[in-house]
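Structure first, then comments.
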Amino acid sequence: MHAELKDNIKTCLDFLKNEAICCPNREIVGFLGLKDGKPFAKVVKNRAPDPQNYFAVDPLEYLDFQNNYEFLAVFHSHIYGDSQFSEWDKVTSDNCLVPFVVYSLSEDKFNFYSPPDCSVDSANMEVLTNSIND
């Protein structure tokens, strides 16, 4: 089951990566979750006033996803720079208690950040982490 879940999460990450590549002038934002044990990725509108450098999510879209899926992570792309998380990324992840996944276009690389008091199931967290690090 873990191998199948990992493969399906990789498919979701590929989808998010392709969305980021198709929109290299603004950060792409999305959610990664599970529905009935199957991974699902959704891109949402970046509501930041400066979407080239920041991202913001409509709180209702966040809550809607959280109510309908088992939340795994918030995704966003970095169109400039590397895949390292900014302090703002870390504080936001910590406040939401949800991991963040970033994809850097310049590095063609994913990175993963998990808050200390993460709300995501530890087994799912391990599969997600392994999917990103492979």
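Reckoned from all heavy atoms, side chains included, excluding hydrogens, waters and symmetry mates.
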Between [atom1] on residue [X] and [atom2] on residue [Y], distance to nearest 0.5 Å:
X      : Y      : atom1 : atom2 : result
Lys90  : Ser114 : NZ    : OG    : 12.5 Å
Asn68  : Lys35  : CG    : NZ    : 5.0 Å
Asn53  : Trp88  : CG    : CH2   : 12.0 Å
Ile132 : Lys109 : CD1   : NZ    : 11.5 Å
Arg26  : Asp50  : CZ    : CG    : 13.0 Å
Glu27  : Ile79  : CD    : CD1   : 6.5 Å

Under 4.5 Å between side-chain heavy atoms, counting indirect links through other Ile/Leu/Val/Met/Phe/Trp/Tyr residues: same cluster for [X] and [Y] or not?
X      : Y      : result
Tyr54  : Val98  : no
Phe71  : Val101 : no
Phe110 : Leu105 : yes
Val44  : Val74  : yes

Practice task
Verify the distance criterion only: is there a donor paired with an acceptor across the side chains of Asn67 and Asp64 at less than 3.5 Å?
Solution key: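 On atom types as modelled, these side chains do not qualify, holding no pair under 3.5 Å.
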Problem - Glu107 versus Ser83, side-chain donor and acceptor atoms under 3.5 Å - result: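 Their side chains do contain a donor-acceptor pair, which is all the 3.5 Å distance test asks for.
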Any non-hydrogen side-chain atom of [X] less than 4.5 Å from a side-chain atom of [Y]?
X      : Y     : answer
Asn111 : Gln84 : yes
Leu72  : Ile9  : yes
Leu32  : Leu13 : yes

Handout entry: Centroid-centroid under 6.0 Å between Phe40 and Tyr69 rings
Key =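 Judged by ring-centre distance (under 6.0 Å), Phe40 and Tyr69 do meet the cut-off.
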Exercise for the section: Taking the six-membered ring for Trp and the full ring for Phe, Tyr or His, determine whether the centres of Phe31 and Phe75 are under 6.0 Å apart. Expected result: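 No, they do not, as the ring centres are separated by 6.0 Å or more.
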Under 3.5 Å donor-acceptor pairs involving side-chain atoms of residues 15-24, not counting sequence neighbours:
unit_1	atom_1	unit_2	atom_2	d
Lys17	NZ	Asp108	OD1	2.9
Asn18	ND2	Asp14	O	3.2

Exercise for the section: For the residue pair Phe100 and Phe85, categorise the inter-ring angle as parallel (less than 30°), tilted (30 to 60°) or perpendicular (more than 60°). Expected result: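 Because their plane-to-plane angle lies in the 30° to 60° range, the rings of Phe100 and Phe85 count as tilted.
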Is there a donor-acceptor pair under 3.5 Å between the side chain of [X] and the backbone N or O of [Y]?
X      : Y      : value
Ser106 : Tyr80  : no
Ser77  : Tyr103 : no
Asp89  : His76  : no

Practice task
Return the set of residues passing side-chain hydrogen bond (donor to acceptor under 3.5 Å, both in side chains) with Lys42 (not counting sequence neighbours), or none when no residue passes.
Solution key: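 With sequence neighbours excluded, Lys42 shows a side-chain hydrogen bond (donor to acceptor under 3.5 Å, both in side chains) to no residue whatsoever.
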Handout entry: Atom OH of Tyr62: over 12 foreign heavy atoms under 6.0 Å
Key =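 Correct, the count exceeds 12.
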Problem - Non-hydrogen atoms of Pro51 and Ala48 that approach each other most closely - result: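 Nearest pair, atom of Pro51 first, then Ala48: CD-O, 3.4 Å.
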Handout entry: Set of salt bridge (Lys or Arg N to Asp or Glu O under 4.0 Å) partners for Asp117, sequence neighbours left out
Key =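 With sequence neighbours excluded, Asp117 shows a salt bridge (Lys or Arg N to Asp or Glu O under 4.0 Å) to no residue whatsoever.
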